[in-house]
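No experiment lies behind these values; they were computed from the predicted model shown. Naming convention: chains lettered A, B, ... in sequence-line order (proteins, then strands); numbering from 1 in each chain.
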There are 2 protein chains.
Amino acid sequence: MARRRQSVTIKHVAADAGVSLQTVSRVINNEPNVRPAMKERVQESIDKLGYVPSIAAQRMSGSRSYIIMAINDRDLTIADWRAREGRDWIDQMLLGGMLTCAEHGYRMLIELVDTHNDHVERELGAAIAALQPDGIILTPPHSENPLITGLLAERGIPFARIGSKQGGLGIAMTMGDTHNARLATEHLIQLGHTRIGFIAGPEEFSLSNWRVDGWKSALEAAGLSAEGLCERGDFGFASGSIAAEKLLRTDDAPSAIIASSDQMALATLEVARGRGLQIPRDLSIVSFDNSPIVRFTQPPLTAIDQPIAETTSRAVELLIENASGKRPAEPISVPGKLIVRASTGKAPSANLSEPRTRSA
Amino acid sequence: MARRRQSVTIKHVAADAGVSLQTVSRVINNEPNVRPAMKERVQESIDKLGYVPSIAAQRMSGSRSYIIMAINDRDLTIADWRAREGRDWIDQMLLGGMLTCAEHGYRMLIELVDTHNDHVERELGAAIAALQPDGIILTPPHSENPLITGLLAERGIPFARIGSKQGGLGIAMTMGDTHNARLATEHLIQLGHTRIGFIAGPEEFSLSNWRVDGWKSALEAAGLSAEGLCERGDFGFASGSIAAEKLLRTDDAPSAIIASSDQMALATLEVARGRGLQIPRDLSIVSFDNSPIVRFTQPPLTAIDQPIAETTSRAVELLIENASGKRPAEPISVPGKLIVRASTGKAPSANLSEPRTRSA
DNA sequence: TCGCTCTTTGAGAACGTTATCAATTGAAGG
DNA sequence: CCTTCAATTGATAACGTTCTCAAAGAGCGA
């Protein structure tokens with residue numbers, strides 16, 4: 001196998017411009033203390049020869065690797081892919097992350113890591129050693145894993161935790177989950193609903209619980225009860241069916257349900273249909289995520305759009321600033337938006353006269 | 001900014017095992033001519049110290065970069081992402097590509113490149129110079145772009161063209177588009193349909209035309225006419241609406257429509273509904289791609305599942321074998337499957353008695 | 001003009017790995 | 001036991017970039 005060599009190197013540029021390697025390097029990296037005339041001359045050679053620095057060599061010499069690694073959970077992700085479950089979390093991360101990386105001359109690389117075994121550290125450690133990324137983006141549930149955050153902090157690699165609370169190691173980025181759930185709940189309250197069910201995500205995801213908090217606080221503010229109205233799922237379709245079934249088979253069933261994921265909302269839709277309920281006449285449904293699917297169901301679902309792309313983009317910016325040694329700006333929490341579609345409507349009139357249905 | 005150095009290097013391993021660097025390198029790369037005892041001794045040190053080779057350094061020394069680059073069209077992809085159109089092409093590529101890469105110690109990196117401007121070459125050239133990937137996967141419409149394939153061939157970088165015909169530069173991988181379209185058409189013919197419409201993709205995608213070929217050949221084999229039954233779209237929802245409208249507003253409208261993408265199928269569904277047609281009683285619909293969306297429409301759509309993940313996985317394998325100097329196996333064409341759901345049914349009985357409706 | 005400081009440029013080492021070629025060891029054949 | 005050749009190991013030079021530190025130049029006040 002022939003040894004493939006880089007076609008145009010910094011040497012060629014230096015020779016062409018008649019300067020030293022170091023000067024060319026300075027121009028490439030936009031360092032200060034280069035005379036404008038010199039800078040221009042070097043830049044001309046760079047353009048003329050079509051020179052692009054080798055990332056491998058840059059990394060070798062101890063500077064940046066220009067790689068941001070996004071860590072996703074292997075099991076979860078693959079299960080979704082195989083089943084074509086259609087969560088577009090990864091898609092949206094790519095959108096936000098890749099574009100922002102590209103703007104700064106970085107690349108984003110997705111790495112799948114198993115949460116559910118005991119060698120998370122080893123696996124992640126190997127990925128880091130191999131690629132030496134300048135920054136890492138953690139997504140739930142990894143963002144809450146102290147083994148992982150500890151490892152990264154120890155190695156001094158900047159990282160952002162998406163969907164994770166402020167404080168602690170690394171940069172925390174949230175998507176306003178509490179606020180978003182409150183938004184959805186208030187929307188339903190305004191439509192006259194007094195019994196609003198909630199299908200929560202799994203407990204190991206903090207954001208699951210923040211959403212529950214938001215729902216509860218909105219109910220409390222309106223003087224409504226939450227009792228017996230919360231079931232837990234695992235974000236997947238099957239668990240959503242079970243949860244919806246439980247909520248709907250009670251005597252005093254809710255007239256509206258908020259599901260913590262699109263899949264669980266779809267399941268709720270199916271269960272409701274199976275019980276002969278019309279949406280939204282008999283039951284209003286709000287879903288979380290707003291992935292492509294929910295626009296094409298019958299009826300299209302009202303949903304909370306989680307700003308994954310924007311949050312990832314922001315995380316990338318913070319990491320790059322961090323790596324560049326610039327004083328990074330504060331992390332921001334990007335709140336989601338409520339997208340109202342046809343799956344939510346006025347509450348069945350029977351309940352309208354009596355806002356407080358608390359009975360237990 | 002402190003110069004971050006690799007924690008455990010090949011030097012440490014060599015010192016620990018009491019051998020030369022080169023021997024360690026040989027063990028890492030599984031080269032022949034290392035005594036088993038020696039190999040074991042070195043491997044022990046590697047495991048003990050948790051050593052992982054630096055990809056940057058490996059690439060520097062002229063060997064592989066362990067990176068496979070997947071090139072996607074920037075405009076198309078971003079538009080889909082922004083609109084949450086829900087094509088899961090990228091998702092499926094990631095599934096197939098990343099897992100296979102991971103198995104071989106490679107990484108897959110997605111790179112977005114603009115087709116629609118004149119500096120495709122420069123953009124791609126820069127990405128190659130920066131990352132020096134061991135292999136490249138091209139997706140439509142890039143896989144048919146002679147500028148790109150020429151560039152890659154010239155630089156001697158192995159590449160696979162997905163959705164592109166055999167012959168020509170690089171490795172061609174197809175997904176049996178002709179066969180798949182024939183499959184869908186035959187399914188409808190068996191259900192008694194005699195006027196089967198087809199919504200094709202844009203002409204610059206060869207696979208669009210292969211699908212048309214498959215549809216036509218199945219019709220011909222059954223003695224049916226294709227005349228006036230093919231419209232073109234651009235894979236997107238809006239274009240699907242227009243095409244479906246055209247097909248359905250004729251006097252002699254088809255009783256079944258095959259759409260070349262899920263989005264166009266969804267549009268057809270909507271147009272049909274708007275015209276008061278019941279699916280599948282009045283109109284059968286088959287879609288191409290089988291992305292997550294189509295399982296949750298009402299009714300769920302019969303669809304051709306394009307084996308994107310499998311094809312990408314296979315492409316990665318071929319590229320890695322190529323890079324390893326092994327004599328690569330032949331590229332294979334992975335045919336798709338027809339997934340029958342509720343959107344296809346028996347043709348309206350009127351047509352059943354007279355299979356040949358040719359009139360023009 | 002001299003001497004000082006700050007700016008601009010350059011030379012050479014270093015980064016962690018593999019390629020190349022030389023040196024050593026071991027085995028087989030006479 | 002010696003020769004011959006292959007198998008195994010090692011030493012050194014790349015690879016393309018940035019870092020460190022030294023040198024040269026420029027500006028400025030006395």
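- When each of A:I136, A:T100, A:I171 is paired with A:L319, the side-chain contact (heavy atoms from CB on, under 4.5 Å) condition holds for A:I171 and for no other.
- Taking five base pairs at each end of the helix from C:dT1-D:dA30 to C:dG30-D:dC1 and finding the rotation axis that steps the C1' atoms of four pairs onto the next four gives two axes whose angle is 40°, to the nearest 10°.
- With respect to B:R41 and B:E44, no salt bridge is recorded, no charged nitrogen being found less than 4.0 Å from a carboxylate O.
- Between the side chain of B:R26 and the base of D:dG10 there is at least one donor-acceptor pair of N/O atoms closer than 3.5 Å.
- The shortest distance between the side-chain N/O atoms of B:S20 and the OP1/OP2 oxygens of D:dG10 is below 4.0 Å.
- A close approach under 4.0 Å does not occur between any side-chain nitrogen or oxygen of B:N33 and OP1 or OP2 of D:dA7.
- The CZ atom of A:R59 lies 7.0 Å from the CG atom of A:D134; values are rounded to the nearest 0.5 Å.
- Rounding to the nearest 0.5 Å places CG of A:L99 at 9.5 Å from CE of A:M108.
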side-chain contact (heavy atoms from CB on, under 4.5 Å) assessment of B:I10 paired with B:I28: CA-CA 10 Å; B:I10 201 172; B:I28 296 165; 4.0 Å; yes
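- Between A:E111 and A:R74, none of the side-chain N atoms (NZ, or NE/NH1/NH2) sits under 4.0 Å from a carboxylate O, so this pair counts as no salt bridge.
- Put simply, the side chain of B:R59 and the base of C:dG16 share no donor and acceptor less than 3.5 Å apart.
- Residue-level contact check: B:Q58 touches the backbone only, with heavy atoms under 4.0 Å from sugar-phosphate atoms and none from bases.
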